[in-house]
2 protein chains.
Amino acid sequence: MRSLPRSRLQAQKATLPGTVPEGTRRRILETALRLFASHGFHGTSIRDVAKELGLQPSALYSHFPAKENILAELVQVGHETLHEVLRTALLNAGSEPAEQVRALVRAHTILHATHSQLAVVVNEELHALPPELAAPALALRHQASALLLEVVKRGVAMGRFSPPHLEATAAAISAMGVRIPYWYEPAGALTADSLAELHAELALRMLGGR
Amino acid sequence: MRSLPRSRLQAQKATLPGTVPEGTRRRILETALRLFASHGFHGTSIRDVAKELGLQPSALYSHFPAKENILAELVQVGHETLHEVLRTALLNAGSEPAEQVRALVRAHTILHATHSQLAVVVNEELHALPPELAAPALALRHQASALLLEVVKRGVAMGRFSPPHLEATAAAISAMGVRIPYWYEPAGALTADSLAELHAELALRMLGGR
DNA sequence: GTCTATAGACGGATAGAC
DNA sequence: GTCTATCCGTCTATAGAC
């Protein structure tokens, strides 16, 4: 990345959710997260990450066996966080399908609005991992998308929802969240909580739930 | 790209819309489109493109001055096509806001469903271009998104729509289309036309237009 | 317009001292 | 755990013959 052309995302804080302990290892992950989000995995070199941290390139190999393992850990943390956040939201929601959809969409929206860079890396750079490193994250992803689909199906069965198409509507609801990093500005007038309410409302409209 | 890890998209036909004449130049663009969509711009080398075409790497430089000019042309064609398709759709629609939204969403959906690879490259690899090469495409993109926003605003002013939030709802409508390449399978049961109708319906539900 | 050959920079990763 | 130094493969791009 000698040229440093454009940046995919404005370089924000790059905070890492989850339970990664403080230290150089975590600083590597946070720096790589920021650079991968801006320039992509293949557009970022080990030297770029090291320079940003004031380290020599070889120092990184005391913390990760290879460059792709840095990405793998980011992707894994991202998927674990998503899955955890959705699962908790659903557990804390009532039994009414509309409330469950609200809870899922709110959690999905807030996660994407507050961890934009991780969302971008998880969604755009997963393909750079060899299958064996991507597999655990893919399994979590399928579980997460199944959560919404099941709630929607149950709502339809109970006569609460009337979406024009199950999978396409679930995909549209999910798409709202996934696209947040590309237009939403946290510093703007719209708070993450407000956006979460908005998306919940739009989801229920799509489902015919109101 | 010695390792060839994962592929972001199933390798389809990779047809190029627009008016690029037949010949080696076009074959380069189509091959690069397929490889950029699968492995990204930085994950694809000039050698990869040449090998796929049965050419030597140096032969490509008779057609393009540099690798980034191949991407720039793909990005430009993609944005020109999008803008043209939306403009035409709007011209052929009536004056009723709901019909105009239907027309825009239908066109947006069909383009993304039938040119998935170009959509992916346009959306995920634009950042790899230096600003001066990306600028014309960015201008077209802003024009295109303004089309939807203006129709929505007019519909609100006429009392036809009642979206919970102008920009967020327009973003959600656009997101449906942009995410198509990541889940829709053209060979499946859902045709592009059916999906277009579905998305138009979902858009009008979000707008409170029915 | 395509070839062979290669220049010259940059890539990931390792060896070994401290 | 970080450093210096380096290996060596791949990268984009060019030179020059045909």
Side-chain angles (χ1 to χ4, degrees), chain A residues 1-6 20-36 38-75 121 125 127-130 132-134, chain B residues 1-6 20-36 38-75 121 125 127-130 132-134:
Chain A
M1 181 183 53
R2 293 312 92 202
S3 49
L4 241 280
R6 293 178 49 79
V20 180
E22 307 272 344
T24 302
R25 188 185 156 85
R26 184 185 179 111
R27 291 179 58 229
I28 293 172
L29 286 171
E30 289 173 340
T31 301
L33 170 57
R34 185 158 41 81
L35 294 179
F36 291 172
S38 290
H39 311 292
F41 177 72
H42 291 301
T44 305
S45 71
I46 284 288
R47 284 170 163 84
D48 293 327
V49 179
K51 173 174 271 184
E52 199 83 358
L53 287 163
L55 292 175
Q56 292 303 312
S58 58
L60 305 194
Y61 291 89
S62 296
H63 302 275
F64 296 91
K67 183 189 174 190
E68 63 185 12
N69 296 96
I70 303 178
L71 175 59
E73 179 146 345
L74 290 173
V75 164
V121 169
E125 306 301 337
H127 74 96
L129 288 175
E132 61 274 18
L133 283 180
Chain B
M1 183 183 51
R2 293 312 93 204
S3 50
L4 242 281
R6 292 178 50 78
V20 180
E22 306 272 343
T24 303
R25 188 186 157 85
R26 184 186 179 110
R27 291 179 58 228
I28 292 172
L29 285 170
E30 288 173 342
T31 301
L33 170 57
R34 186 158 40 82
L35 294 179
F36 290 172
S38 290
H39 312 292
F41 176 73
H42 291 301
T44 305
S45 71
I46 285 287
R47 285 170 159 82
D48 293 328
V49 179
K51 172 174 271 183
E52 200 82 357
L53 287 164
L55 292 175
Q56 292 304 311
S58 57
L60 305 195
Y61 290 90
S62 296
H63 302 275
F64 296 91
K67 183 189 174 190
E68 62 185 15
N69 295 97
I70 303 178
L71 174 60
E73 179 146 345
L74 290 173
V75 164
V121 168
E125 306 301 338
H127 74 95
L129 288 176
E132 61 274 19
L133 284 180

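Fair warning: this is a prediction, and the values are worked out from it, not measured in the lab. Naming: A, B, ... by sequence-line order, numbering from 1 per chain.
Rounded to a whole Å, the CG atom of B:Leu35 is 12 Å from the P atom of D:dC11. As a whole-Å value, the separation of B:Ile70 CD1 from D:dA13 P is 9 Å. The distance from atom NZ of A:Lys51 to atom P of C:dC10 is 10 Å, rounded to the nearest whole Å. Here the P atom of nucleotide D:dT10 and the NE2 atom of A:His42 are 15 Å apart, to the nearest Å. Following rounding to the nearest Å, A:His39 (NE2) and C:dG11 (C1') show an atom-to-atom distance of 17 Å. Put simply, CD1 on B:Ile46 is 14 Å from P on C:dT2, counting in whole angstrom units. In this structure, the CZ atom of A:Arg25 is 14 Å from the C1' atom of D:dG1, given to the nearest Å.
Put simply, B:Thr24 has a side-chain N or O that comes within less than 4.0 Å of OP1 or OP2 on C:dT2.
Within the 4.5 Å cutoff, the side chain of A:Val20 has heavy atoms near those of the A:Glu73 side chain. Looking at heavy atoms from C-beta onward, B:His42 lies out of side-chain contact with A:Phe41 at the 4.5 angstrom threshold.
Taking every heavy atom of both residues into account, B:Pro130 and B:Glu68 meet most closely at CD-OE1, 3.4 Å. Minimum interatomic distance between B:Ala134 and B:Leu129 (heavy atoms only, all atoms of both residues): CB-CB, 4.1 Å.
Here the options are A:Leu71, A:Ile46, A:Ile70, the test is side chain to side chain contact (heavy atoms under 4.5 Å, CB included), and the partner is A:Phe64; only A:Ile70 passes. Residue B:Thr31 forms a side chain to side chain contact (heavy atoms under 4.5 Å, CB included) with just one option from B:Leu53, B:Thr44, B:Leu60, and that option is B:Leu53.
Looking at the side chain of A:Arg47, the nearest of the listed nucleotides C:dT2, D:dT2, C:dA13 is C:dA13.
For the contact set between residues 52-66 of chain B and DNA chain C, defined by any heavy atom under 4.0 Å, the members are B:Gly54, B:Leu55, B:Gln56, B:Ser58, B:Ala59, B:Ser62, B:His63.
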